[in-house]
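Source: prediction; values computed, not measured.
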Amino acid sequence: MLRNAGWWLADYVYAGYWQLRAIFDRTDPASFASGSAAHIVVLPGVYETWRFLQPLVAAMHDRGHPIHIVDTLHRNQRPVGDMALAVEAFLSANELDDVILVAHSKGGLAGKIVMTGPAGERVRSMLAIATPFGGSRYARLMLSRTLREFSPDDPSIMNLAQQRAVNERIVSVYAEFDPHIPEGSELNGAKNVRLDTGGHFRILAHPRVLAELAVLAE
């Protein structure tokens, strides 16, 4: 219990720092668009902009990946289905093919919808970090519809769980203890990577995330 409490505290310190920094950061996302390695499209989680994932974005770009930001997602408060449509439109408008989706939390749900839809052929694979593929029972307690969408019995979660054909192209990375997703992020048929640590946000900086990306990019 003490260990989990420590992980929980460290997770919110990490999240608070990067949310605050994102408010004042003025980095141009176009500065990450160069590179000769596999193209990556970043899908943030709920209430996150791409800037919250900037440490991961910078690390991936340093490894030669062109990073693409879907500006129309803003803080990602719209329903998962709407988010997926925005990503599909972005892939089509920019004529992107053979891309790797790198998604955090809610972003992984939208990414899987994209992979099962008409734009799925444009996606090579997805690296999903702390994604609630089976939902989170805590969502039932939330007042916001944006968060209640993650309930295990929400139709969007249940329908997406039935779409198993693309799971083999997904790597799901998640912590041993996730304070937001007590059910965990294991996905049947996917490559599941359980980290020996805790957190929903701080694992974005875990070295295993970049290691799994390197495998997908080969």
Q: Start with the C-alpha gap between V173 and N192, add the side-chain angles, then the distance that decides, and say whether side chain to side chain contact (heavy atoms under 4.5 Å, CB included) holds.
A: CA-CA 6 Å; V173 180; N192 293 290; over 6 Å; no

Q: Go through the steps to decide whether V209 and I203 satisfy the test side chain to side chain contact (heavy atoms under 4.5 Å, CB included), and finish with yes or no.
A: CA-CA 8 Å; V209 172; I203 63 171; 5.5 Å; no

Q. What pair of heavy atoms forms the shortest contact from P66 to A33, and how long is it?
A. CB-O, 3.2 Å

Q. Would you say the side chains of H74 and T49 form a donor-acceptor pair under 3.5 Å?
A. no

Q. With a 4.5 Å heavy-atom cut-off, do M142 and S151 have their side chains touching?
A. no

(Q) Quick check for you: to the nearest 0.5 Å, what is the distance between W18 atom CH2 and L56 atom CG? (A) 11.0 Å

Q | Criterion side chain to side chain contact (heavy atoms under 4.5 Å, CB included) on L91 and V123, from CA distance to verdict | A | CA-CA 9 Å; L91 294 177; V123 179; 4.2 Å; yes

Q. With a 4.5 Å limit on heavy-atom distance, are the side chains of V102 and L213 in contact?
A. yes

Q) Which residue pairs pass the salt bridge (Lys or Arg N to Asp or Glu O under 4.0 Å) test with at least one member in residues 187-207, sequence neighbours excluded? A) K191-E212

Q: Please indicate whether N188 has more than 12 foreign heavy atoms, meaning atoms of other residues, nucleotides or ligands, lying under 6.0 Å from its CG.
A: no

Q. Can you tell me if D11 uses its side chain to pair, donor with acceptor, with the backbone of W7 under 3.5 Å?
A. no

Q. How far does CD1 of I67 sit from CD1 of I40, to the nearest 0.5 angstrom?
A. 4.0 Å

Q: May I ask you to decide if D28's main-chain N or O and S31's side chain share a donor-acceptor pair within less than 3.5 Å?
A: yes

(Q) Strictly by salt bridge (Lys or Arg N to Asp or Glu O under 4.0 Å), give each pair with a member in residues 89-99 just once, sequence neighbours left out. (A) D97-R122, D98-R124

Q) Has M158 got more than 12 heavy atoms of other residues, nucleotides or ligands less than 6.0 Å from its CE? A) no

Q. Residues two or more places apart in sequence or in another chain: which of them pass side-chain contact (heavy atoms from CB on, under 4.5 Å) with W8?
A. Y12, F177, P179

Q: Assess whether atom CG of L141 is packed by more than 12 heavy atoms of other residues, nucleotides or ligands within 6.0 Å.
A: yes

Q) Which residue pairs pass the ring pair (Phe, Tyr, Trp, His ring centres under 6.0 Å) test when at least one of the two sits in residues 114-158, sequence neighbours left out? A) none

Q: Could you note down all residue pairs passing salt bridge (Lys or Arg N to Asp or Glu O under 4.0 Å) where residues 68-81 supplies at least one of them, sequence neighbours left out?
A: none

(Q) I want to check something: taking the side chain as every heavy atom from C-beta on, are H180 and S136 in contact at a cut-off of under 4.5 Å? (A) no

**Q.** salt bridge (Lys or Arg N to Asp or Glu O under 4.0 Å) pairs, two or more places apart, involving residues 161-181
**A.** R3-E176

(Q) Does E183, at its CD atom, have more than 12 non-hydrogen atoms belonging to other residues, nucleotides or ligands within less than 6.0 Å? (A) yes

Q.
For the OH atom of Y174 and the CG atom of L195, what is their distance to the nearest 0.5 Å?
A. 9.0 Å

Q. Is the F52 to F201 ring centre distance short of 6.0 Å?
A. yes

Q: Output all residues satisfying side chain to side chain donor-acceptor pair (under 3.5 Å) with H206, sequence neighbours left out; order by chain, then residue number.
A: none

Q: Could you tell me which residues satisfy side-chain contact (heavy atoms from CB on, under 4.5 Å) with S156, sequence neighbours excluded, listed by chain and number?
A: E149, D154

Q) Rounded to the nearest 0.5 Å, how far does CE of M126 lie from OG of S172? A) 8.0 Å

Q: Just do the side chain to side chain contact (heavy atoms under 4.5 Å, CB included) check on T131 and L187 with the steps written out, would you?
A: CA-CA 9 Å; T131 292; L187 181 65; over 6 Å; no

(Q) For the CG atom of L43 and the CG atom of L73, what is their distance to the nearest 0.5 Å? (A) 7.0 Å

**Q.** Under the side-chain contact (heavy atoms from CB on, under 4.5 Å) test, residues paired with L160 that sit two or more places apart
**A.** L109, K112, I113

Q.
On a heavy-atom basis, which atom in A38 and which in I100 lie closest, and how many Å separate them?
A. CB-CD1, 3.9 Å

Q | Residues forming a ring-ring contact (aromatic ring centres under 6.0 Å, His included) with H39, sequence neighbours excluded | A | H68

Q) Is any side-chain heavy atom of S185 closer than 4.5 Å to a side-chain heavy atom of P132? A) no

Q. Which distance, rounded to the nearest 0.5 Å, do you find between the CE of M60 and the CG of L127?
A. 8.5 Å

(Q) Within the structure provided, determine whether E48 and Q19 are in side-chain contact (heavy-atom separation under 4.5 Å). (A) yes

Q. Among all residues two or more places apart in sequence or in another chain, which pass the side chain to side chain donor-acceptor pair (under 3.5 Å) test with S34?
A. H61

**Q.** Set of residues satisfying side chain to side chain donor-acceptor pair (under 3.5 Å) with respect to R51, sequence neighbours excluded
**A.** D25

